[in-house]
Amino acid sequence: MQLVCPAGNLPALKAAIDAGADAVYAGFRDQTNARAFPGLNFDDVEMREGIAYAHARGRKVYLALNTYPDSARLPQWHRAVDQAAAFGADAIIAAEMAVLHYASVRHPDLARHLSVQGSATSAAALRYAHDRFGIARAVLPRVLSVQQVERLCQAAPVPLEVFAFGSLCIMVEGRCQLSSYVTGASPNRHGVCSPASFVRWEEHADQGRSVRLNGMLIDRFGATEPAGYPTVCKGRYDVGGEVFHALEEPTSLNTLELLPRLAAAGVAALKIEGRQRGVAYVRTVTRVWREAIDAQLRTPKAWRVREDWQTDLSAHAEGQQTTLGPYHRAWH
């Protein structure tokens with residue numbers, strides 16, 4: 001299985017490659033990718049350098065052009081496809097049909113991966129994207145059980161990539177109405193749920209802190225309590241007099257224990273979420289998954305999850321907690 005890791009900037013790209021990533025995914029410094037916020041992504045010079053760095057080491061770079069443009073700005077996405085081809089990217093990751101169509105017509109030799117934001121959860125949907133746009137791979141949404149992933153691997157016309165570690169989302173990927181309602185800014189084109197310009201941290205005399213999103217109280221934390229990035233779905237709310245995580249716990253997806261099962265199913269690639277995370281996250285998570293994949297490949301029957309792997313991953317998880325998420329569902 002290929003290990004695909006996040007590269008939010010050039011140092012993160014190099015850290016991922018050096019730690020053993022087979023491929024990285026990155027975006028231009030504009031709204032064509034779903035992590036378009038200050039401090040992230042690549043200008044043209046950095047993108048060329050990053051692709052050269054990866055290719056010199058036999059690795060690949062996938063360009064995330066995975067947002068949904070409006071009609072007036074579609075030419076910007078077309079230009080991004082042209083740039084990806086000119087810079088020598090190994091594939092683009094796209095969801096919008098007009099972007100996929102343009103790439104298939106203008107740059108047929110540039111591989112096209114269907115983004116997780118395409119929300120393709122059935123073999124029929126995957127066949128449609130393959131027949132119409134010639135996709136070479138599809139990234140499955142993080143809402144499927146492992147049984148559903150196994151069935152899709154058998155029926156899909158293209159290799160499949162699944163998320164292995166990182167943030168979870170309870171909404172349709174990248175198009176959350178919760179964050180849009182509170183801020184008026186679409187996570188699709190503004191790069192993240194809870195854009196940083198709307199976030200306000202407040203320190204209190206008791207040494208605790210609270211966080212607001214566009215004036216709306218999202219959470220309060222004790223002085224020693226880990227405080228994750230504030231998103232509406234992972235806040236704590238007063239519901240019927242009880243304060244708790246009413247929508248979703250602040251946990252990270254971690255499928256490490258499912259590695260043999262995903263390999264047996266024929267999953268082509270494991271994706272690590274986190275282009276918004278720092279170099280330390282990228283380096284550690286990439287290293288752990290590289291070691292785990294290689295160990296499973298060498299001795300599949302004797303393979304076991306190592307305790308130090310889980311300890312290292314938990315240290316970089318949201319709320320320092322991990323979960324199998326939808327993968328462990330018994331119902332479909």
Asker: Answer yes or no: does atom CD of E203 have more than 12 heavy-atom neighbours from other residues, nucleotides or ligands under 6.0 Å?
Answerer: yes
Asker: Would H245 and D219 satisfy side-chain contact (heavy atoms from CB on, under 4.5 Å), going step by step from the backbone distance to the final call?
Answerer: CA-CA 9 Å; H245 291 104; D219 212 335; 4.1 Å; yes
Asker: Only one of L258, V4, L259 forms a side-chain contact (heavy atoms from CB on, under 4.5 Å) with L270, so which one is it?
Answerer: L259
Asker: Please examine the side chains of V146 and L324, heavy atoms only from C-beta on, and report whether any two atoms are closer than 4.5 Å.
Answerer: no
Asker: When you measure from the side chain of N66 to the backbone of A34, do you find a donor-acceptor pair of N or O atoms at a distance under 3.5 Å?
Answerer: yes
Asker: Applying the side-chain contact (heavy atoms from CB on, under 4.5 Å) test to V149, which of T255, L140, L160 qualifies?
Answerer: L140
Asker: Using a 4.5 Å cut-off on heavy atoms from C-beta on, say whether the side chain of I93 contacts that of K271.
Answerer: yes
Asker: Could you check whether any side-chain heavy atom of W77 comes within less than 4.5 Å of a side-chain heavy atom of T67, counting everything from C-beta outward?
Answerer: yes
Asker: Would you say CZ of R132 has more than 12 non-hydrogen atoms from neighbouring residues, nucleotides or ligands within 6.0 angstrom?
Answerer: no
Asker: Does atom CE of M216 have more than 12 heavy-atom neighbours, drawn from other residues, nucleotides or ligands, at distances under 6.0 Å?
Answerer: yes
Asker: To the closest 0.5 Å, what do you measure between CG (L213) and OG1 (T231)?
Answerer: 9.0 Å
Asker: Taking R290 first and then D22, would you say they form a salt bridge - that is, a charged N and a carboxylate O separated by under 4.0 Å?
Answerer: yes
Asker: Does any N or O in the side chain of E242 come within less than 3.5 Å of the main-chain N or O of V239, such that one atom is a donor and the other an acceptor?
Answerer: no
Asker: Determine yes or no for a side-chain-to-main-chain donor-acceptor pair under 3.5 angstrom, with E273 supplying the side chain and S167 the backbone.
Answerer: yes
Asker: Once rounded to the nearest 0.5 Å, what's the spacing between atom CG of L253 and atom OG1 of T323?
Answerer: 7.5 Å
Asker: For M47 and F42, which heavy atoms make the closest approach, and how far apart are they?
Answerer: CE-CB, 3.6 Å
Asker: side-chain contact (heavy atoms from CB on, under 4.5 Å) with W289: which of I272, T284, D294?
Answerer: I272
Asker: Testing the basics here: between A268 and P159, what is the closest heavy-atom pair and its distance to 0.1 Å?
Answerer: CB-CB, 3.6 Å
Asker: For R277 and P6, indicate whether the former's side chain and the latter's backbone hold a donor-acceptor pair under 3.5 Å.
Answerer: no
Asker: Just so I know, are the side chains of K234 and S194 near enough to count as touching, which here means a heavy-atom distance under 4.5 Å?
Answerer: no
Asker: Between P141 and V116, what is the shortest heavy-atom contact and its length?
Answerer: CA-CG2, 3.4 Å
Asker: Output every pair passing ring pair (Phe, Tyr, Trp, His ring centres under 6.0 Å) with a member in residues 100-128, not counting sequence neighbours, ordered by first then second residue.
Answerer: Y62-H113, H78-Y102
Asker: side-chain contact (heavy atoms from CB on, under 4.5 Å), that's the test. Do D30 and Q76 meet it? Break it down for me.
Answerer: CA-CA 9 Å; D30 56 37; Q76 181 181 350; 3.5 Å; yes
Asker: Are V24 and R59 close enough that some pair of their side-chain heavy atoms sits under 4.5 Å apart?
Answerer: no
Asker: What's the shortest heavy-atom distance between S122 and L152, and which atoms?
Answerer: C-CD2, 3.6 Å
Asker: Is L110 linked to V158 within one hydrophobic cluster, defined over Ile, Leu, Val, Met, Phe, Trp and Tyr using a side-chain heavy-atom separation of less than 4.5 Å?
Answerer: no
Asker: Assess the side chains of N254 and Q310: does a donor N or O sit below 3.5 Å from an acceptor N or O?
Answerer: yes
Asker: What distance separates H55 NE2 from I17 CD1, expressed to the nearest 0.5 Å?
Answerer: 9.0 Å
Asker: Looking only at non-hydrogen atoms, find the nearest pair between Q2 and A23 and report the distance.
Answerer: NE2-CB, 3.9 Å
Asker: Is there a path of hydrophobic side-chain contacts, each under 4.5 Å between heavy atoms of I, L, V, M, F, W or Y residues, that connects Y53 with F28?
Answerer: yes
Asker: Side chains of F87 and L63, heavy atoms from C-beta outward: is any pair under 4.5 Å?
Answerer: no
Asker: Test side-chain contact (heavy atoms from CB on, under 4.5 Å) on L114 and L100 and set out the steps.
Answerer: CA-CA 8 Å; L114 181 64; L100 287 165; 4.0 Å; yes
Asker: Between the side chains of E291 and W309, is a donor N or O closer than 3.5 angstrom to an acceptor N or O?
Answerer: yes
Asker: Which distance, rounded to the nearest 0.5 Å, do you find between the SG of C5 and the CZ of F165?
Answerer: 11.5 Å
Asker: Sort out for me which residue in R220, R200, H204 forms a side-chain hydrogen bond (donor to acceptor under 3.5 Å, both in side chains) with S210.
Answerer: H204
Asker: Are the side chains of S179 and F198 in contact, using a 4.5 Å heavy-atom criterion?
Answerer: no
Asker: How many angstroms lie between CD1 in I135 and CZ in R112, if you round to the nearest 0.5 Å?
Answerer: 9.5 Å
Asker: For T121 and Q148: C-alpha separation, side-chain torsions, deciding distance, then whether side-chain contact (heavy atoms from CB on, under 4.5 Å) applies.
Answerer: CA-CA 9 Å; T121 58; Q148 290 170 309; over 6 Å; no
Asker: Measure from the side-chain N and O atoms of N41 to the backbone N and O of R35, and report whether any donor-acceptor pair falls under 3.5 Å.
Answerer: yes
Asker: Linking I/L/V/M/F/W/Y whenever any side-chain heavy atoms sit under 4.5 Å apart, do M97 and I92 land together?
Answerer: no
Asker: Locate the shortest heavy-atom distance separating A292 from L256; write the atom from each residue and the value.
Answerer: CB-CD1, 3.6 Å
Asker: Quick check for you: to the nearest 0.5 Å, what is the distance between F163 atom CZ and R142 atom CZ?
Answerer: 4.5 Å
Asker: Tell me whether the count of non-hydrogen atoms from other residues, nucleotides or ligands lying under 6.0 Å of OH in Y237 goes above 12.
Answerer: yes
Asker: Is there a side-chain contact between R261 and Q147 (heavy atoms, below 4.5 Å)?
Answerer: yes
Asker: With clusters defined by side-chain heavy atoms of hydrophobic residues (ILVMFWY) lying less than 4.5 Å apart, directly or transitively, does I218 cluster with Y181?
Answerer: yes
Asker: Tell me whether Y327 is reachable from V305 by hopping between hydrophobic residues (I, L, V, M, F, W, Y) whose side-chain heavy atoms are closer than 4.5 Å.
Answerer: yes
Asker: Would R236 count as a cation-pi partner of F221, with NZ or CZ less than 6.0 Å from the six-membered ring centre and within 45° of the ring normal?
Answerer: yes
